[in-house]
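Written out below as structure tokens is the structure these notes cover.
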Amino acid sequence: MVLRAFDVMGTKANIVLVAGTERIADLIEESARQLDELWSRFRSTSDISRINNAEGATVTVDPLTSKLVIEMIAARTLTKGEYDPTILPRLLAEGYVASRRDPKLVTVLPASATWPVDPSGTVVTENTVTLTKGVTLDPGGIGKGVAADVLCALAISSGALGALIEIGGDLRIMGTPPSGKVWRIGIEDPWDDTKTLESVALIDGAVATSSTLKRAWEQNGKTVNHLISSQTGVSMNSDIVSVSVIANTAGIAEVLTKSGFTRPDYLDWVPALGAAALIIKNDG
């Protein structure tokens, strides 16, 4: 079994390979860094930044960027707007402009960027993306989930019998587990990352967790966080501190976590989309 941990996408990543090699782990780590270069909103040369600043022009991108944009638009449709990939102008308004890991890297959007806005006019081919003027995309959480999906498939196609890829709380597993018949995934205590509150047993699939405690800061005298409500356009504020979702892919699992902070019927709504969820409130 090969284990690897490294920093990427502004967070921590972990790899577990069953019957894998260090060469495969090297490939996964290198590929994760390449996805970061393509999808970071903090890098002016990334595909995402070039798309966001194109003012309606068609941009040539990596095929994996086309895949990401397709998944973002599809997720908005699946959730009927509960997940909104165009929320970036509001995230910047809440103060999340610079990278938390490297403050020299900042997000720059054109003056036309707005919210709310309808992204249904987005046109994607295998290697081009065209956004309607005014639409900007935030890969944020879904980028980490889709990256975990892509990298897990890469590990298996490269020869590993089983793989677990986790990026910033978004986790995907495929193939043979390290022991027994299932992968056992711990759900982290949001107040103490050395402890787990629950355990999930999976054969194949994904788990994603979002928390209001992970990236929070002071803005205009109040505490805000990186989770922006698609209903109000402001930072999530409720008695819920953490939402975890089990789904077929890490991209979908990540998307579905967000509504758990605002939707009253959430625990009924998520199963209707083929997933399962766990909510942790501030009283534990």
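Position 1 is the first residue of the sequence, and the numbers go up from there.
A side-chain donor-acceptor contact under 3.5 Å links Trp115 and Asp84. One side chain, Asp47 or Thr65, offers a donor N or O that lies under 3.5 Å from an acceptor on the other. A side-chain donor-acceptor contact under 3.5 Å links Thr107 and Arg41. A side-chain donor from one of Ser112 and Glu55 sits under 3.5 Å from a side-chain acceptor of the other. Judged by distance alone, the side chains of Thr130 and Thr58 do bring a donor and an acceptor atom under 3.5 Å apart.
The environment of Asn248 atom CG is sparse: at most 12 non-hydrogen atoms of other residues, nucleotides or ligands sit within 6.0 angstrom. For CG of Leu161, the number of neighbouring non-hydrogen atoms (other residues, nucleotides, ligands) closer than 6.0 Å is greater than 12.
To the nearest 0.5 Å, atom CG of residue Asp170 and atom OG of residue Ser210 are 6.5 Å apart. Between the CG atom in Leu171 and the OG1 atom in Thr209 there is a gap of 9.0 Å [rounded to 0.5 Å]. To the nearest 0.5 angstrom, Thr86 atom OG1 is 12.0 Å from Leu91 atom CG. One finds the OG1 atom of Thr122 at 6.0 Å from the CG atom of Leu137 (value rounded to the nearest 0.5 Å).
A heavy-atom distance below 4.5 Å is not found between the side chains of Arg101 and Phe42. Looking at Val108 and Ser44, their side chains never come closer than 4.5 Å, going by heavy atoms from C-beta outward.
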- Can Val16 and Asn14 be said to form a side-chain contact (heavy atoms from CB on, under 4.5 Å), step by step? CA-CA 7 Å; Val16 178; Asn14 290 281; 6.0 Å; no

- Message: side-chain contact (heavy atoms from CB on, under 4.5 Å), that's the test. Do Val69 and Ser66 meet it? Break it down for me.
- Response: CA-CA 5 Å; Val69 174; Ser66 291; 5.9 Å; no

- Are Lys67 and Leu64 close enough, and set up right, to give a side-chain contact (heavy atoms from CB on, under 4.5 Å), and what steps lead you there? CA-CA 5 Å; Lys67 171 182 171 60; Leu64 286 173; 4.2 Å; yes

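Scanning both residues, Leu151 and Ile167, for their nearest heavy atoms gives CD1-CD1, 4.0 Å.
Residue Arg33 forms a salt bridge (charged side-chain N to carboxylate O under 4.0 Å, His left out) with just one option from Glu37, Glu29, Glu30, and that option is Glu29.
A salt bridge links Arg4 and Asp26; the closest N-O separation between the charged side-chain nitrogens and carboxylate oxygens is under 4.0 Å.
Lys133 pairs by the side chain to side chain donor-acceptor pair (under 3.5 Å) definition with nothing, not counting sequence neighbours.
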